[in-house]
Amino acid sequence: MTPELLLEKVAKLPDFAQKELFDFVDFLSLRYLDKKESDISVTPAGERFMDQRLELLEENQENLVSWDSLKEKLKEKHGWKI
């Protein structure tokens with residue numbers, strides 16, 4: 001899924017669902033960002049999923065959007081101060 005498509009889908013969600021999504025992303029950030037890679041275990045299904053996503057990334061590099069660009073789009077669209 002491209003960042004643009006993700007943003008489109010998120011934008012179509014009702015406000016309460018967007019808030020739940022953002023809360024969940026915050027939860028995941030708190031849960032995983034402070035952990036070392038060795039502290040996180042991945043199931044075989046998770047490994048296959050990540051391998052598939054990596055293949056899609058490598059095949060579609062022209063669709064990549066930088067993190068800074070994505071943040072700017074989100075700030076403009078939602079009036080966020082990141």
Side-chain angles (χ1 to χ4, degrees):
M1 180 178 303
T2 65
E4 290 85 7
L5 182 58
L6 179 62
L7 288 174
E8 276 182 38
K9 288 185 176 211
V10 170
K12 290 178 183 177
L13 293 172
D15 289 342
F16 74 90
Q18 287 184 24
K19 183 179 181 332
E20 285 184 30
L21 175 63
F22 299 139
D23 288 344
F24 185 65
V25 170
D26 284 341
F27 163 76
L28 291 176
S29 295
L30 290 171
R31 183 171 180 188
Y32 293 109
L33 288 181
D34 291 336
K35 301 216 181 230
K36 297 177 186 165
E37 190 174 326
S38 61
D39 295 340
I40 301 171
S41 62
V42 179
T43 65
E47 286 183 22
R48 286 191 302 275
F49 174 79
M50 289 188 293
D51 288 341
Q52 290 170 346
R53 297 300 295 175
L54 183 57
E55 284 178 26
L56 282 172
L57 172 71
E58 290 169 351
E59 292 170 1
N60 298 292
Q61 290 187 10
E62 67 278 358
N63 294 329
L64 294 179
V65 175
S66 72
W67 176 237
D68 289 335
S69 175
L70 179 61
K71 285 193 297 188
E72 286 303 314
K73 284 182 182 180
L74 289 171
K75 286 191 322 190
E76 288 175 20
K77 183 168 186 163
H78 299 286
W80 295 345
K81 296 180 178 162
I82 298 175

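The first residue in the sequence is number 1, and the count goes up from there. Just so you know, these numbers use all the heavy atoms, side chains as well, and skip hydrogens, waters and symmetry mates.
Linking Ile, Leu, Val, Met, Phe, Trp and Tyr residues whenever their side-chain heavy atoms come within less than 4.5 Å leaves Leu56 and Leu64 in two separate clusters. Residues Leu6 and Trp80 share a single hydrophobic cluster, defined by chaining ILVMFWY side chains whose heavy atoms lie under 4.5 Å apart. Note: the hydrophobic cluster containing Phe22 also contains Leu70 (ILVMFWY, side chain heavy atoms under 4.5 Å, direct or indirect links).
Each side-chain hydrogen bond (donor to acceptor under 3.5 Å, both in side chains) pair with one or both residues in residues 5-29, not counting sequence neighbours, appears once here: Lys19-Asp23. The stretch residues 46-57 participates, sequence neighbours left out, in no salt bridge (charged side-chain N to carboxylate O under 4.0 Å, His left out) pair at all.
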*Test side-chain contact (heavy atoms from CB on, under 4.5 Å) on Gln52 and Leu54 and set out the steps.*
CA-CA 5 Å; Gln52 290 170 346; Leu54 183 57; over 6 Å; no
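Closest of all the heavy-atom pairs between Glu72 and Lys75 is OE2-NZ, 3.0 Å. Shortest non-hydrogen contact noted between Met50 and Val42 is CE-CG1, 3.4 Å.
Two residues are said to be in side-chain contact when any heavy atoms from C-beta on lie closer than 4.5 Å; Val65 and Thr2 fail this criterion.
Annotation: the span from Leu5 atom CG to Asn63 atom CG amounts to 10.5 Å, rounded to 0.5 Å.
Lys73 pairs by the salt bridge (Lys or Arg N to Asp or Glu O under 4.0 Å) definition with Glu4, not counting sequence neighbours.
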